[in-house]
Amino acid sequence: MSEITKSYEAREIEQKWYAAWQAAGVFAGKVEPGKEPYTIVIPPPNVTGVLTMGHVLNNTLQDVLIRRARLEGKSALWIPGTDHAGIATQTVVERQLRKEKKTRHDFGREKFIEKVWDWRHEKGGIILEQLRRLGASCDWDRTHFTMDEGYSRAVLGVFVDLFKKGFIYRGKRMVNWCPVSQTALSDEEVIMKPTKGFIYQVRYERTDAPGEYITVKTTRPETIPGDLAIAVHPEDPRYAGIIGKTVRRPLGPTAEIPIIADAAVDKEFGSGALKITPAHDKVDFEIGQRHGLPPIDVLNADGTLNELAGPELAGMERFAGRKRAAELLKESGALIEAEAYENNVGYSERADVPIEPRLTWQWWLKYPRVEEAKAAVRDGHIQFHPERWSKVYLHWLNNLQDWCISRQLWWGHRIPVWYRKGLDVEKLTEAELADPEKLHVSLEGPSDPENWVQEVDVLDTWASSWLWPFATLGWPDENAMKAAGFDQFYPTTTLVTGPDIIFFWVARMIMGGLEFPRPGEPLERRIPFKHVYFTGIIRDGQGRKMSKSLGNSPDPLDLIAKYGADGLRFGIISIAPQGQDIRFQEDRIEGGKNFCNKLWNACRFRQMSGPMGDNSSLPAIMARLKADQFDADDHAILDRLLATTREVDRCFAQFEFSAAVQALYGFFWNDFCDWYVEVSKAKLQDEATKENCLALQDLVLRQTLLLLHPFIPFITEELWQLLGYTGAGRFIEDSRLQNASQVATAGHDLGLVIDQAAAQSVEKLKAFVSLARTLKAERGLASRRDTRFLLKADDSQWEAVTINLAKITRLVGAEEIVRQDSVDGAPAVVTPLGTLALDLAANLDVGAEKERLAKELESLAKHIAGTEARLANKAFTDKAPPAVVEGAKKQLADQQAKRAELERLLQALS
RNA sequence: GGACCCUUAGCUCAGUUGGUUAGAGCGUUUCCUUGACAUGGAAAAGGUCACUGGUUCGAGUCCAGUAGGGUCCA
């Protein structure tokens, strides 16, 4: 056992223990039949990702849960991995190519994908290294990647399966098109943002009645060349007579377009007339369908206008085209007015540009197991923490739209569909899509590949991550599942994630879990996880979301360098209460570091205080205790230790991590260090009490280290070893953390019964010491160690003082405390253990003392009045529980006694 | 437009089923390098719990409404 140094050097110790844990296989999720499992799958970060504060919070919590599970003796498994992040990764590699003035098309699909793999092997997954720095105890041998071979087979197999079951279909529909990534997006990947622009009032001239016009309002004049009709509400009297007539399209290729009636038109908006551009608006598309209007698409995939928009606009970028369109309309006199306008525009989540509604062929998924997914959460098989998110979840499930799962990218799982050569894939009919001679769907592909062409699209990344909780356990390969311990570890126990991906990920995983790995079994065996803990979102000091573009996110690795991984972990958890967003405060991280330092030094004090006894196990320490020699402080610290253990147990059961950390902080700093260690200093001077005191410290420190270990693993491991709580080659997690009732039972069996009355009596000592210190401080004597105190006490009070005299004298910084019948004329306070005075009568500022006493009496009088009023209220004494009434009576008696004493002291000064 | 959340000390936040004089950290003021720790210790100042009404013997806590801030969905 080596000596504990003066300060804690985090970096060195973190590296040492992380390497040792890994070498010893401490993180390995072992298949141990009969043991209770505890499984977590990491929310796979993007393979392009770097560690953010959000990851720190999220992964620290997962690590806390998994380490606690190990301490509780469970078979714990935390599966790590990354997500191939289709658009993000492809964009990163394309950006690299652009530096060489090349695009992915210069390489072709296969070569480009090779390049992406090269990038992934070189630079991808940095974040997993960073998680190790944080202390994440994942089973790294089980690291998964959504593009790995086995995982890919699961993804494609699911596609084939769902296609065969009829959940997947191909359809030409309006999709959210991102002109930058040039792919379709799901509704969830579109973010609505209020956007400033203009609304244009444009008039369309009647062809049958020249000089007469219909006006419409539009924010998108550049799409007028794609207009196919003007629609009005069938019951709008303003237009009753002209339905079926025609108007002239005021921009683009000349055309006469009809005035049609459709109930979807909002009579109240603008003039009540709506221009119908089926290719560029979802509502327009539907109206167009009803009236048999084949859309005219005036945009290219990259968002530029095409020749159908007319020669003046063709080739222009869409926003430049909008400006130009407005100018052209103005020149021709069709533009009546352009006014500033703000409306909600959908933006591409990744590229952050407005999306285009675009009519394209895509693959769609009808969600399976929707009703079961609702029931699983509603009936509590899956519990959300905080519970309120289940409402958001259910609301989404109640308004489900089919999921567009195809993406026009190269990086991703290529859809396992083949078209018979010679088919025009842009014009497939329902019959052809259902004909295996024309459309082949399988994992292996057709046996005569020369006659087929594979689908070029890949799957949405989320269409692979929704299988994460079971595909990472080997599903669907039976041998792999066996090796991974699927039977033991599924369903997983807890998922820790952000509420921002409830729809993207959580809900879809639930449906996937219910559908795939255990068909036919009861719902509670099919759910992918039992608990979902939603973290808050980390914001900066001004409440803004942390983001790269704002540059307001500190680099977690810098914070680790500055405060240690444990300091960062402790700090971030302490500011992350359940269910609320978190304002980041670096000073709380500093507080985490300071706490580690405090812990370190308290252990150092223990080591310096006397020889180490047998600390090898809890019974060994308990055997060193002599309960019959316990004093009130010993009972009190054990009582607080037990209460803290109970509180931490409760916090884990209810996912209240910051409360657990605060309970531990308060216990250790205030109860143990500020009080027990201080009274120990007197007890250690006395051979009669020394041994018990040391053993008790060993007991408290042991339990504290175990309780703290999940939160601050490195420092607790180091101290665990230094204080001899384990043998060489073993770790803190080889020990078992007992819960509060187990600890109490173990103590009870050894005759260690906490004396509640004695524990309670320490409160009086604390009050006494605090009042004595204040008495000194108010007279500028705080630092004097040679003060003489006079105490007027009755026999029982004096007995309580004398038993604890050495400790108290030390704590208040007194030379001595002597009993005296009268302390009149001296500056005094009324304590629970008598009236305490400073032996200063000679040079007393009588005026100041009288003022102080008068002030105290004044505030006391208010409280007495309040208590009296309460007790005088018959309704209160009749209806309140007896214990509360008794408490009030007792309080009044104490207050009155104190008032009498204060009045007497004041009298004596006069 | 619908749903949810928030408003408590200078700042950031706790406050579980209603029950003594509402707590913590940071910050501020004063004092202290006393043998674990100055990354520390001691003491102090600082709050009409957003507002209005209701329920109750009793409301920061429950209910209704108002104002302000935020998030999600449409």
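Residue numbers begin at 1 in each chain, while the letters A, B, ... track the order of the sequences.
Taking both residues in full, the closest heavy atoms of A:Arg779 and A:Leu838 are given as CD-CD1, 3.8 Å, listed atom of the first, atom of the second, then distance.
Both tests hold for A:Arg870 against A:Phe876: distance to the six-membered ring centre under 6.0 Å, angle to the ring axis within 45°. A cation-pi arrangement is not found for A:Lys598 relative to A:Tyr665, the charged atom failing to lie both closer than 6.0 Å to the ring centre and inside a 45° cone about the ring normal.
The gap from the C1' atom of B:A59 to that of B:U12 amounts to 26 Å, rounded to the nearest Å. Spacing of P atoms, B:U39 relative to B:U7, comes out at 35 Å, to the nearest Å. Between B:G40 and B:G35, the two C1' atoms lie 14 Å apart (nearest whole Å). Remark: the separation of the P atoms in B:G25 and B:A14 is 16 Å, to the nearest Å. Rounded to the nearest Å, the gap between the P atom of B:U48 and that of B:A38 is 38 Å. Rounded to whole Å, the P atom of B:G70 lies 24 Å from the corresponding atom of B:A64. With both ends at atom P, the span from B:C31 to B:A24 equals 23 Å, rounded to whole Å. Comparing B:G15 with B:U61, their P atoms are spaced 14 Å from each other, to the whole Å.
Within a 6.0 Å radius of CD in A:Glu868, other residues, nucleotides and ligands contribute more than 12 heavy atoms. With a 6.0 Å radius and a threshold of 12 heavy atoms from other residues, nucleotides or ligands, A:Glu763 has its CD atom above the threshold. For A:Arg378, the CZ atom counts as densely surrounded, since its 6.0 Å shell holds more than 12 non-hydrogen atoms of other residues, nucleotides or ligands. More than 12 heavy atoms of other residues, nucleotides or ligands lie within 6.0 Å of CD in A:Gln383, so this atom counts as buried by the packing criterion. Atom CZ of A:Arg388 is surrounded by more than 12 heavy atoms from other residues, nucleotides or ligands within 6.0 Å. Counting heavy-atom neighbours within 6.0 Å of A:Lys690 NZ, excluding the residue itself, gives a total above 12.
Using a 4.0 Å cut-off between a side-chain N of Lys or Arg and a carboxylate O of Asp or Glu, A:Lys898 and A:Asp894 do not qualify as a salt bridge. With respect to the salt-bridge test (charged N to carboxylate O, under 4.0 angstrom), the residues A:Glu656 and A:Arg650 qualify.
Counting only N and O atoms by type, the side chains of A:Asp634 and A:Tyr676 include a donor and acceptor under 3.5 Å apart. Between the side chains of A:Lys683 and A:Asn692, no donor N or O sits under 3.5 Å from an acceptor N or O.
If A:Arg773 and A:Ala659 are placed on RNA chain B by their nearest nucleotide, the residue sitting closer to the 5' end is A:Ala659.
Computed from coordinates, the A:Trp600 CH2 to B:A38 C1' distance equals 19 Å when rounded to whole Å. Here the P atom of nucleotide B:C73 and the CG atom of A:Leu400 are 14 Å apart, to the nearest Å. Atom pair A:Met192:CE and B:U71:C1' shows a separation of 16 Å (rounding to whole Å applied). A:Asp540 has its CG atom 14 Å from the P atom of B:G70, to the nearest Å. To the nearest angstrom, P of B:A38 lies 12 Å from NZ of A:Lys593. Taking atom CD1 of A:Ile582 as the reference point, atom P of B:G70 lies 19 Å away to the nearest angstrom. The CD1-C1' distance, from A:Ile712 to B:U39, rounds to 14 Å in whole Å. Atoms NZ (A:Lys562) and C1' (B:U39) sit 13 Å apart, rounded to a whole Å.
Nucleotide B:C26 has B:G10 as its partner under the Watson-Crick or G-U criteria, with both atom distances under 3.5 Å. Pairing partner, B:A3: B:U71, with both Watson-Crick or wobble hydrogen-bond distances short of 3.5 Å. In this entry B:G40 has B:C32 as its Watson-Crick or G-U wobble partner, both defining distances falling under 3.5 Å. Pairing for B:A45 is absent, judged as Watson-Crick or G-U wobble with the two contacts each under 3.5 Å. Nucleotide B:G65 is matched to B:C51 when pairs are restricted to Watson-Crick or G-U wobble geometry with both distances under 3.5 angstrom. Under the Watson-Crick or G-U wobble criterion, with both distances below 3.5 Å, B:U17 is left unpaired in every strand shown.
Looking at heavy-atom distances under 4.0 Å, A:Tyr563 makes no contact with the nucleic acid at all.
Considering NZ of A:Lys562 and CD1 of A:Ile589, their distance stands at 10.5 Å, rounded to 0.5 Å.
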**Complete:** Quick tally for nucleotides 24-37 of chain B: nucleotides whose base has a protein heavy atom under 4.0 Å get B, sugar-phosphate-only ones S, the rest -, giving -BS----SS---BB
Close N or O pairs between protein and nucleotides 16-21 of chain B (under 3.5 Å):
unit_1, atom_1, unit_2, atom_2, d
B:U16, O2, A:Arg650, NH1, 3.4
B:U20, O2', A:Gln891, NE2, 3.4
B:U20, O2, A:Gln891, OE1, 3.0

At a cut-off of 3.5 Å, list every protein nitrogen or oxygen paired with a nitrogen or oxygen from nucleotides 3-10 of chain B, distance to 0.1 Å.
unit_1, atom_1, unit_2, atom_2, d
B:C4, OP1, A:Lys391, NZ, 3.0
B:C5, O2', A:Gln580, OE1, 3.4

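Between A:Ser770 and B:A43 there is a side-chain polar atom (N or O) within less than 4.0 angstrom of OP1 or OP2.
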